[in-house]
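Structure first, commentary second.
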2 protein chains.
Amino acid sequence: MSPSIQYFQFHGFAHPSMPTTLRIVEVDKLKTACSTCSLQELCLPAGLSAIELKSVDELIARRRPVKRGDYLFRSGVALHSLYAIRSGFMKSCVLHEDGREQVAGFHMMGDLMGLDAIGTNQHLCDAVALEDSEVCEIPLKDLEGLSRNIPSLQQHFHRIMSREIARDYGVMLLLGSMRAEERLAAFLLNLSQRFAARGYSPTEFHLRMTREEIGSYLGLKLETVSRTLSHFQAQGLIAVQNKHLRILSLDNLKELVSHHSCRS
Amino acid sequence: MSPSIQYFQFHGFAHPSMPTTLRIVEVDKLKTACSTCSLQELCLPAGLSAIELKSVDELIARRRPVKRGDYLFRSGVALHSLYAIRSGFMKSCVLHEDGREQVAGFHMMGDLMGLDAIGTNQHLCDAVALEDSEVCEIPLKDLEGLSRNIPSLQQHFHRIMSREIARDYGVMLLLGSMRAEERLAAFLLNLSQRFAARGYSPTEFHLRMTREEIGSYLGLKLETVSRTLSHFQAQGLIAVQNKHLRILSLDNLKELVSHHSCRS
DNA sequence: CCCTCGTTTTGATCTGCGTCAAAGTCCTGC
DNA sequence: GCAGGACTTTGACGCAGATCAAAACGAGGG
């Protein structure tokens, strides 16, 4: 176990059988039920029996599309549901009182959003779609009720919350003790892992977010992000062109994260 | 709601009736049961009925003392129990592979530790006592079982996990977008809040951790922590002498956190 | 009581990344 | 297809905080 990256936002395991590009289209064609959703392994109903799955199906209040740039929820609003991302890509932002905002995380299909709101019954961050997305709305009360009857659902829900905490520890490590190069390398590796876990290529993908959003997430300025990416490219670690990214050497990136002098 | 500090690691509400200094002694004299524990409001069994409380009492496998410097658990070890701190003060540390470590949090009475381990069934951080402490051992399986029968326990457990996530967001904000002065001010205010919530003075307390540990938590070097504290003292915001700290102006500290230019 | 070692303070210097600026590129809507 | 705005890249420079160094302080053990 190597805490810095391997556990940092690792949400599931890979589906090597999935094709790379047509996935979203396929998913959209499916009917709404969890029981037929290919994200099961990553999402809430992981490891449930067929009967239990049916109950979870009934849990989903509705599916809801979220257009690029739209808010799924806003900070301060009362919590009623958690949201499982069915397709698309989102960010969550914590807000300063002075209006500045910081990206707290990037979320893709199979991820569950809204977990931070359970404690206060109010959302503490904004959720914004970075591309047209679709989410499943899961009323918290119903989820709690059902998980009282289905131990494995309860367990899985706890695991998901716990993994979010673990992910946050990873981010804290990153923000607290890594230099710019290490942070960016860790970020790219994390994206790579998560795409891989969803059946996409681990070495070639689109960055759905701007340099500024990456910077905000990593505690860096956009110029630094851009410069560092250029630097990686010059070293032959990656090939970037605008938002298209190809990782040329996963190993060298990993080395950068772990072996390089961290500044403390 | 002001996300940066007010929600950042705020775990409960104040007990103004509690005397300031003799609290630990009193707690130690009590018998082991939750039902007679003065930490109820902060700890797991918050808001349970007398009958439910009794069930939770039976949940506690045992109380366990942890001497200063000893580990409560170590990274990599299998999870069996969560731990509620009954008295004392602890830190949790995430580990780099290169041996460096980062403090992920400081924990005091009423706090629940080990939540990050549920996802993998392995502890992801070390827990070390910063002073002689005592914890209540709560087997996770039993807690899950009981919370299936007691909805309010289930709810409270979810709230606790969620608040940990919210706290982490606060730390991310701090690490990602605050300057040294703001970080330290936020840190002191957070300690102040938490002591207040436990019936201690919000303006005068002992720092149980070294400057290095503070620095590790805040993503700063110990020299910077020391310098910044001296600076605060020169400004008349606080009075520090070694580990004894007195806050002279909570308001000015708060202002420092929110109004000052954050570096982004 | 003194010695020792861990901790803290303070100073001087260095550097990674932020800031400011300007040019270039891509995307979108008309 | 063109115009305008958003995003990205690259350069020059400055500063907050890291690093190096050394002295002072405090707590615990013999």
Side-chain angles (χ1 to χ4, degrees), chain A residues 67-69 91 100 102-103 128 130-132 174-188 206-235 238-245 256 260-264, chain B residues 67-69 91 100 102-103 128 130-132 174-188 206-235 238-245 256 260-264:
Chain A
K67 283 239 167 297
R68 181 183 166 179
K91 68 171 175 179
R100 283 270 109 245
Q102 157 133 2
V103 174
V128 183
L130 295 181
E131 63 181 25
D132 290 355
L174 179 144
L175 291 172
S177 67
M178 289 188 185
R179 48 181 58 260
E181 278 196 0
E182 297 170 313
R183 293 184 198 189
L184 202 57
F187 172 71
L188 295 178
H206 267 277
L207 299 170
R208 269 76 171 209
M209 67 299 283
T210 67
R211 306 287 132 113
E212 187 171 19
E213 287 163 335
I214 297 174
S216 173
Y217 181 58
L218 298 178
L220 302 170
K221 304 266 76 177
L222 70 154
E223 294 95 329
T224 305
V225 172
S226 175
R227 263 186 257 274
T228 307
L229 283 175
S230 302
H231 188 215
F232 283 171
Q233 187 158 37
Q235 289 179 292
I238 61 172
V240 240
Q241 189 174 352
N242 213 16
K243 307 224 155 163
H244 185 80
L245 189 128
L256 200 55
H260 238 30
S261 71
C262 22
R263 99 183 156 187
S264 143
Chain B
K67 282 239 166 299
R68 182 183 166 179
K91 68 171 176 181
R100 284 269 110 246
Q102 157 134 1
V103 174
V128 184
L130 295 181
E131 63 180 25
D132 290 355
L174 179 146
L175 291 172
S177 68
M178 289 187 186
R179 49 181 56 262
E181 278 196 0
E182 298 170 313
R183 292 185 199 189
L184 202 56
F187 172 70
L188 295 178
H206 267 278
L207 299 169
R208 268 76 171 208
M209 67 298 281
T210 67
R211 306 288 132 113
E212 185 169 21
E213 286 162 337
I214 296 173
S216 173
Y217 181 58
L218 297 177
L220 302 170
K221 303 268 75 173
L222 70 153
E223 294 96 327
T224 305
V225 172
S226 176
R227 262 187 259 274
T228 307
L229 283 176
S230 301
H231 188 215
F232 283 172
Q233 188 159 37
Q235 289 178 292
I238 61 171
V240 240
Q241 189 174 351
N242 213 18
K243 308 226 154 159
H244 184 79
L245 188 128
L256 200 55
H260 238 30
S261 71
C262 23
R263 114 194 139 176
S264 143

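Below, each value reflects all heavy atoms present in this structure, side chains not excepted, and no hydrogens, waters or symmetry copies. Letters A, B, ... are given to chains in the order of the sequence lines, protein chains preceding strands, and every chain is numbered from 1. A quick note: this is a predicted structure, and the numbers were derived from the prediction, not measured.
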*Is there a donor on the side chain of A:R227 or the base of C:dT19 sitting less than 3.5 Å from an acceptor on the other?*
yes

_Value in whole Å for how far the C1' atom of D:dC7 lies from NZ of A:K243_ = 7 Å

*For B:R68 and C:dG6, what is the distance between atoms CZ and C1' respectively, to the nearest whole Å?*
10 Å

_d(CG, B:L220; C1', C:dG16) in whole Å_ = 15 Å

*asked:* Quick check on A:Q233: does its CD atom have over 12 non-hydrogen neighbours (other residues, nucleotides or ligands) under 6.0 Å away?
replied: yes

*When the distance from NZ of A:K221 to P of D:dT10 is rounded to whole Å, what number comes out?*
19 Å

*Indicate the atoms forming the closest heavy-atom contact of A:S216 with A:Q102, along with that distance.*
OG-CA, 3.3 Å

*Pick from A:R208, A:R68, A:K91: which one makes a salt bridge (charged side-chain N to carboxylate O under 4.0 Å, His left out) with A:E131?*
A:R208

*Using whole Å, report how far NE2 of A:H231 lies from P of D:dT10.*
12 Å

*asked:* Any donor-acceptor pair, under 3.5 Å, between the side chain of B:E223 and the base of D:dC20, if you only look at N and O atoms?
replied: yes

*Separation of C:dT10 C1' from B:Q233 CD (nearest whole Å)*: 14 Å

*Between C:dC26, D:dA16, C:dT8, which one does the side chain of A:N242 approach most closely?*
C:dC26

*Is B:E212 atom CD crowded by more than 12 heavy atoms from other residues, nucleotides or ligands, each under 6.0 Å away?*
no

_Rounded interatomic separation in angstrom, taking CD from A:E212 and P from D:dT9_ = 13 Å

*Counting any heavy atom closer than 4.0 Å, what does A:S226 reach on the DNA or RNA strands: base, sugar-phosphate only, or nothing?*
base

*Using whole Å, report how far CE of A:M209 lies from C1' of D:dT8.*
16 Å

*Check whether any side-chain nitrogen or oxygen of A:T224 sits under 4.0 Å from OP1 or OP2 of C:dC17, and answer yes or no.*
no

*Examine the base of C:dT25 for any acceptor or donor lying under 3.5 Å from a partner atom in the side chain of A:R211, and report the outcome as yes or no.*
no

*asked:* Check whether A:R183 reaches the backbone of A:M178 with its side chain - one donor and one acceptor, N or O, closer than 3.5 Å.
replied: yes

_So, OP1 or OP2 of C:dT10: does either fall under 4.0 Å of a side-chain N or O from B:S230?_
yes

